[in-house]
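These numbers come from a predicted model, not from an experiment.
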Amino acid sequence: MQLVAGAVQHRNAYDYFSAGSDPATDPVKFALRTKGIIAFAALVAYVATVGFLLSQESAKLLRYAEELERTYAEESALAKASYAVSHSMLKLQEKYFSPDLAPAFEEQIALDVELIQAGLLALLEFYPRLAADIERLKRDVDRLRAEQTRGSMMWLQDHERTLSEYLDLMTRQSRARRDMLWDRYREVYDTMSVISVLMGLLGAVFFGAVMTLFLTRLAWDIRRLAARALDIVSGYRGQQMEVTRQDEVGDLMHAVNRMQSELRHREQQLQISREQRFHKEKMAAVGSVAAAVAHEINNPIAAIAGIARSLQNGNQQASGGETGADPHELILEQTRRITAISRQIAELTAPHSPERELLDLNALVSNTCRFIRYDHRFRRIDLKIELDSQIPAVNAVADHLTQVLMNLLINAADALEDSSSRGDPTIRVATQHAQTEVVITVTDNGCGMDEAVLARAFDESFTTKSADKGRGLGLFLCKSMIEDGGGRIELESTPGVGTTARICLAAA
């Protein structure tokens, strides 16, 4: 049985975490590690999405920055070209109204035109059409060199005025385009700022809320598991805990529920085993006095047989003549004696209710002591019974109290048998009412126990008796059953003086 129980225990310990699931019907389970990976993947996806949006806006921002840089270069070139044209126009105006045309004036004009051409060459990448104006300026300078007249100067002056107006128009357009680009640049920058702030805030709030909710629920479930485990240890065997998770914590919930079921089953089996062991102890005690009871019954049976034979032989005087007793009355007396012995055996061995009930403790103690007297060990023992008639009823299991009292009496008789004291062997059984308790006291003047033996007296499988007298189960079982009923059992012993056992029960 112990091997089977050990195998069952090992199997159940494994089944706590492996049994109770059907892959075809159970919902998909996500381990905590899987949930962590999913959360991390969601966070990475969120960050990647925000990064993609910001990269799109950043590309726009970079494009606008490049266009602004190009616009600044264009405005700088336009400013230089406009300055060169304006300077050349002032020189032409001055020379045109001069009364004397200096011989070298055409060289000065040619130098100013070259500056204009250099400015226009810088603008060619922005305005390719200025190539035609560069060629025209070259022709006008060639004409002025060939004909140093005010008409040639007028041609050049008109061309420069037209060119100046065009450059002014281009400058205004470039500035307008620059302002537009600045506005768009600021818009994109503001958009990026808003996206960064909002997405960061939303991400922090969302993921923070999810993590807080997850950890809060995890902590609550763990606290619920811890509380249920403590309740199970404390004896709770009611409704099983609802499994609300599909991860390792859910597996642990299943394990706790299974542990509760297994503990309930094992306790039931233990209770059955305990009842069987108590019954075996009781039957062992009954068997120990069976021979004495048989001898006690044989005496009145033998007397009845002798009287019957005397009556049959007509020898009435021989059977009762000397005493003058009526043989019929003698037969009735002996049959009453047999009936009393049979009743005591029936009362002691009859099955009692396994539930607690109100008991007359004095009657139970008296019946048990009368029965135990038949044991051969009590023939030389003075068994004294002192019952308090004022004690109240107690709420207990009769069979348990009977077995406990029988064990204590047999232990006392064995102690007296091993005792070498010269006094008369005596066992005193008493009941008394002490405040809210009723106490049964069994005292002997046997060999007693030293401190080492007394400290281990209630240990399971501990005994100082030989193998033919006991297996060390008596006091352990007595203590277990008395404490299960809400009472307690105490021992006091002095080597060479004796032992006192007290059963303390709550009064009803």
Kindly indicate, with the supporting measurements, whether the criterion side chain to side chain contact (heavy atoms under 4.5 Å, CB included) is fulfilled by Ile116 and Leu163. CA-CA 10 Å; Ile116 295 174; Leu163 184 60; 3.9 Å; yes

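- A distance-only check finds a donor-acceptor pair linking the side chain of Thr49 to the backbone of Ala45 [under 3.5 Å].
- One side chain, His159 or Asp140, offers a donor N or O that lies under 3.5 Å from an acceptor on the other.
- Atom OG1 of Thr34 and atom CG of Asp247 lie 9.5 Å apart (nearest 0.5 Å).
- Of all the heavy atoms in Ile134 and Leu121, the pair that sits closest is CD1-CD2, 3.6 Å.
- Side-chain contact between Phe214 and Leu32 is present, with at least one heavy-atom pair separated by less than 4.5 Å.
- Using a distance-only test at 3.5 Å, with no hydrogens or angles considered, a donor-acceptor pair links the side chain of Thr368 to the main chain of Leu364.
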Let's go through Lys479 and Glu483 carefully: what are the C-alpha distance in whole Å and the side-chain angles of both, what is the deciding distance for salt bridge (Lys or Arg N to Asp or Glu O under 4.0 Å) to 0.1 Å, and is it a yes or a no? CA-CA 6 Å; Lys479 184 175 184 293; Glu483 290 182 349; 2.7 Å; yes

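- A 4.5 Å side-chain heavy-atom check between Leu359 and Leu401 finds at least one atom pair inside the cut-off.
- Here the NE2-CD1 distance, from His433 to Ile391, works out to 9.0 Å after rounding to the nearest 0.5 Å.
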Salt bridge (Lys or Arg N to Asp or Glu O under 4.0 Å), that's the test. Do Arg186 and Asp183 meet it? Break it down for me. CA-CA 5 Å; Arg186 283 192 295 269; Asp183 291 339; 2.5 Å; yes

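- Closest non-hydrogen pair, Arg228 versus Met241, comes out as NH1-N, 3.1 Å.
- Side chains of Glu492 and Thr500: a donor-acceptor N/O pair is absent below 3.5 angstrom, by distance only.
- Of all heavy-atom pairs between Asp450 and Val453, the closest is OD1-N, 2.8 Å.
- By the side chain to side chain donor-acceptor pair (under 3.5 Å) test, Glu57 is found to be paired with no residue, residues two or more places apart in sequence or in another chain being considered.
- Taking CD of Gln56 as the reference point, atom CG of Leu61 lies at 13.0 Å (rounded to 0.5 Å).
- Judged purely by distance below 3.5 Å, without hydrogens or angles, the side chains of Asp399 and Gln403 never pair a donor atom with an acceptor atom.
- The closest donor-acceptor contact from the side chain of Ser234 to the backbone of Leu230 lies under 3.5 Å.
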Give the intermediate values and the outcome of salt bridge (Lys or Arg N to Asp or Glu O under 4.0 Å) for residues Glu437 and Arg488. CA-CA 10 Å; Glu437 293 182 330; Arg488 69 182 189 279; 2.4 Å; yes

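- Side chain of Ser164 to main chain of Glu160: no donor-acceptor pair is present (N/O by atom type, distance under 3.5 Å, no hydrogens or angles).
- Side chain to side chain, Thr71 and Arg175 fail the donor-acceptor criterion of an N or O pair below 3.5 Å.
- For the pair Tyr83 and Leu115, the minimum side-chain heavy-atom distance is 4.5 Å or more.
- Smallest separation of non-hydrogen atoms from Thr499 and Gly448: OG1-CA, 3.6 Å.
- Met449 has its side chain out of reach of Pro495: every pair of non-hydrogen atoms, C-beta onward, lies at least 4.5 Å apart.
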The test is side chain to side chain contact (heavy atoms under 4.5 Å, CB included); show your working for Met253 and Thr244 and say whether it passes. CA-CA 9 Å; Met253 291 178 176; Thr244 57; 3.9 Å; yes

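- Contact check for Glu125 versus Glu74: no side-chain heavy atoms found under the 4.5 Å cut-off.
- Distance check: Cys478 SG to Leu408 CG gives 5.5 Å after rounding to the nearest 0.5 Å.
- A 6.0 Å sphere centred on CD of Glu248 holds more than 12 heavy atoms belonging to other residues, nucleotides or ligands.
- In the model, Asn362 has a side-chain atom that pairs as donor or acceptor with a side-chain atom of Thr431 under 3.5 Å.
- Counting only heavy atoms from C-beta outward, the side chains of Leu78 and Tyr127 approach each other to under 4.5 Å.
- Taking the ring centroids of Tyr46 and Phe207, they lie under the 6.0 Å cut-off.
- Note on Arg161 versus Asp158: salt bridge recorded, some NZ/NE/NH1/NH2 to OD/OE distance being below 4.0 Å.
- Interatomic distance, Leu156 CG to Met89 CE, rounded to the nearest 0.5 Å: 10.0 Å.
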Do Arg224 and Asp221 pass the side chain to side chain contact (heavy atoms under 4.5 Å, CB included) test, and can you show the C-alpha distance, the side-chain angles, and the key distance before you say yes or no? CA-CA 5 Å; Arg224 189 159 64 100; Asp221 287 333; 3.6 Å; yes

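- Evaluation of the salt bridge (Lys or Arg N to Asp or Glu O under 4.0 Å) rule for Arg172 yields no partner, not counting sequence neighbours.
- Judged purely by atom type and a 3.5 angstrom limit, Asn395 uses its side chain to pair as donor or acceptor with the backbone of Glu357.
- Within a 6.0 Å sphere centred on NZ of Lys138, other residues, nucleotides and ligands contribute 12 heavy atoms or fewer.
- Ring geometry for Tyr189 versus Tyr185: interplanar angle under 30°, hence parallel rather than tilted (30 to 60°).
- For the atom pair Ile232 CD1 and Tyr236 OH, the distance stands at 8.5 Å (nearest 0.5 Å).
- Residues Arg178 and Leu68 approach most closely at O-CD2, 3.6 Å, considering heavy atoms.
- Between the Ser55 side chain and the Phe52 main chain, a donor and an acceptor come within less than 3.5 Å of each other.
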Given the rule in the side chain to side chain contact (heavy atoms under 4.5 Å, CB included) test, do Leu475 and Asn407 qualify, once you have shown the distances and angles that lead to the verdict? CA-CA 8 Å; Leu475 287 179; Asn407 283 335; over 6 Å; no

Worked verdict on Arg456 versus Asp459 for salt bridge (Lys or Arg N to Asp or Glu O under 4.0 Å): CA-CA 5 Å; Arg456 298 189 59 191; Asp459 291 351; 3.5 Å; yes

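- The shortest distance between side-chain heavy atoms of Asp484 and Val397 does not fall below 4.5 Å.
- Between Ile489 and Cys504 there is no side-chain heavy-atom pair separated by less than 4.5 Å.
- Checked by atom type and distance alone, the side chain of His254 never pairs as donor or acceptor with a backbone atom of Val256 at under 3.5 Å.
- When all heavy atoms of Leu225 and Val249 are compared, the pair lying nearest together is CD1-CG1, 3.8 Å.
- Remark: side-chain polar atoms of Arg356 are paired, donor with acceptor, to backbone N or O of Gly485 under 3.5 angstrom.
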